Each structure stands twice: as structure tokens, then as C-alpha cells.
Amino acid sequence: MPLSETPSGPVVIRSRRVVLPDGERPADVLVRDGRIAAVAEHGSLTAETVTDLGEIALLPGLVDTHVHVNEPGRTEWEGFATATRAAAAGGVTTVIDMPLNSIPPTTTVDGLDAKRKIAEGQAWVDLGFWGGAIPGNAADLEPLHDAGVFGFKSFLAPSGVDEFPHVEQADLETALAEQARIGALAIIHAEDPAVLEAAPQQPGVHYRDFLASRPDDAEAAAVARLLDTARRTGARVHILHVSSAAVLPLLRQARADGVRVTAETCPHYLTLAAEEVPDGDTAFKCCPPIRDESNRDQLWAALANGEFIAVVSDHSPSTLDLKLLAKYGGSGDFAAAWGGIASLQLGLPAIWTEARRRGHSLSDVVRWMSSGPASLVGLTGTKGAIAVGHDADLVAFDADGTFAVIAEELHHRNPVTPYAGKTLTGAVRTTWLRGRVVDVTAEPFGRQIARPTTR
Ligand SMILES: [Zn+2]
């Protein structure tokens, strides 16, 4: 039967390359009632329906804990329908939405309710929400946490939108103390505003000038201050989108000192480099910025060492006019363009293309993009692994297939991505969500998920 049809009874999915928690091997996976019911020797299980993938790999669905959907309020930037279609097409079966760029932001229970209501019936994958910790909302954190957000995002430097102000040091102390008290995970955009203000600001189409305006020191100073505050408050903190390798020694030292800190990085920091950014191609603009090749090599070394718990997209699109892309008649000014990379559908092949070149396995990629982020948000046990009892969120991945990226053919809302024109290795053939094949042309059946209350 074609992969696009989902039978109602138990199904066996068979592959020569099943990526299991203890490594990759030939296996049969029995799916029943939306969950993985058994994992057995290749060729050993029977069911009315057997889907044999041959050499196509079977991976657990990716968990992307860093996605900006922007609905309600800025749905023209990105909405739940378009974002989750892109996710499903890219092998991402769980998305955790960031608390800002939507209006209202997710800084109150009312804001969370507005998101949940409008997302209803629009999600092709499972969907959860982060809350936001901003100046003055400390009293909102506990009710939001009880309502099921996975933790709270704060910015140490201006976020780019007025309704989500950054925290000064006193606000940060308050927010982290409260999060330590309620047992929440604080996730932090770490760039230091004083360092950014002191950096040279040279507008224009040259990427080098933009890079100089967001120096390594901005990240290092912010992370040092955050770690010091985490140490004093006892809060559990997670550094979002580490771009600069200058952060790595600070993380190592803090961990050695017993600070509860994790960190993530993103496909664009691992696969793109400042040297290759064309003049005026603001599709590459994000904050913190994509840095140079030697920095990228250091991020890969840290990733290989287990220093990042997750590799997640930081998918953060905007409309074409705000991106100021030279190719669409915009000024191409890096200083003025919206900062954000659109890549939700491409993270897996982008990372696999580079990982393979560097001698890494599919198991490594699954650890970085599926089980790692699942553990970050407490979803170990339901998401992020092909293991008995887990949701049958699965991806048929052709690890040798190649394709050229055409921005206009991607499912996210606005046809911009820095990967446009690149040839990537690794193609998602089928995505299953809780045992059902996801067909982005049919009705969505993603569910809204909440933070598990027992950790
Ligand atoms: Zn982000």
C-alpha cells in the first residue's frame, strides 16, 4: 500500500537502518495505537500491514524546541499551519513554540490561552509552548508553569519587538529566583546590551560589518553574567542558540562548579559561515550572528564532546519586506533587516550533510536533534526515541538522497532561507505522528502538549 495511507490496525515498519537508542541496526518496529509496541529483529514480526523501507533509514521524529510561530498577531510572518507543515515535511514531529513575535506574547496565561485557541486544528505535528519572563511578570510565571509551558525565555539584550522587553540585571535576578522556587527551566538569549552598544555600527550590504556589530564578547559577557546569577539563585538555565565558541570555556567551568546549565546551537551556526555570505543576502541575518569557519569548527568539536544538549532550528521568519532582501528589490542592509533564519524544514538534511562529511553517524544526529531536545523539555519517555512505549513519531530518511533547496517550494510562509540554491544530502520520505502518516495536504491531527508534571 502507498505510504500516504494509514491502516487502522497494527503496522510493522521494517528497515535495514533503524536508529535505536543504543545505535543503528536492521530491525522491525511494531506500531499499535499510536505507540511503539515492539522493536524486534529485522524480518521477525508480522502484521496485516508491513512497510519495508529497505535501506531507507528509520529515525525517531525530531523535537525542535526553538521555533517562532508568530501567531496570533504576526501570522503574516509565520503561522501554525505553515510552520507545522514545514516541520512535518522536515521530519520534525514535536515543535515547542517561542513566546515572542506573536501578539500577545506568551507572558501571561491569557497570552498562552490565545495561542492555544488559535493553534487548535492547525497543527500537523505535536505542539507545545514556552512562556516568557519579562520585566514585571514574575507573578505570572507560576500560573503559566502550572498551565503547562515548558519553561521561560528571557532576553538579556533587546529582542527586536517592543512587547517583549529584555531583562536588566535586577529583573533577571527576580526571574531566576522565582524560577528556582517553582522548579522552572530558564532559557536565555544571551547577548550583552552594553557590549553591543559599544560595538561599531556600520550599516550596509557587507556581512562583515554586521558581524562586527555583534562581537563574540557580547555572548561571552552575557553568558558569564547569567552563569553567575544562576549560581547565586540556584536556577536551572539553558543558553539558547550559542553562536560563539568563546562561550564554551565558560560553560565548562560552570558545569565543573555544579551550575545547572545546558546549551544548544543551531544548524546555521554549524553549516554556514560568515565567509560565504553574499553582499545584501539578509536571509543569513540572525542574532547572535553566523560567525567564521574556525569558530564553526570549534562548535563542531564541542558538539562531538557532548557539550550541547540540542541542535534546534531557531526558525524565526518574517515577511519579505522586513527582510529587505536585495533579490526582492530591498536595500540588502544587514543592520536594518529583520534578524531571523527560516529553516524549520531543512535542519535535518543541513546537519546530516555536514555531519556525514565530518564522520558522524545518524545516531549522533538523532541524539542532537531528537533525544537531546526531548530530554531538555522533560519529554524523555514519550518523544525522541524509537523505544517501546514511546509515541510512534517516526521519519523515513533517505540518508543518501540529495536535493536542491528551492525556497519557494518550502512549506513555511515566506520564501526565504539562507539554504536556497544549496544541494543537501538526506531527504525525508515519510513522517509518522503517533503512528499515522502525516499528509500535509489532508487534515492535521497534531496535538497540543504540556510540560509533564512529574520529572
Ligand atoms: Zn529564537
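First listed ligand is number 1; within each ligand, the first listed atom is number 1. Numbers here are sequence positions counted from 1. If you're wondering where the values come from, they're calculated on a predicted model, not measured in any experiment.
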Using side chain to side chain contact (heavy atoms under 4.5 Å, CB included) as the criterion, point out the one residue from R291, E354, K422, E293 that pairs with L272.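 So the option named by the test is K422.
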Are W368 and W300 an aromatic pair, judged by ring center distance below 6.0 Å?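 Distance test on ring centres: under 6.0 Å, yes.
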Checking one value in my table: which N/O/S atom of D314 lies closest to the Zn ion (ligand 1)?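 Relative to the Zn ion (ligand 1), the closest nitrogen, oxygen or sulfur of D314 carries the name OD1.
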Under 2.8 Å from the Zn ion (ligand 1), is there any N, O or S atom belonging to H66?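 It does; at least one qualifying atom falls short of 2.8 Å.
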Can you tell me if H241 has an N, O or S atom under 2.8 Å away from the Zn ion (ligand 1)?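 Checking H241: none of its N, O or S atoms is under 2.8 Å.
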Should D292 and R296 count as an ion pair when the cut-off is N to O under 4.0 Å?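 Between R296 and D292 there is no salt bridge, as every charged N stays at least 4.0 Å from the carboxylate O atoms.
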Any chance the side chains of Q202 and S213 put a donor and an acceptor closer than 3.5 Å?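 There is no such pair (donor and acceptor under 3.5 Å, judged by atom type) between the side chains of Q202 and S213.
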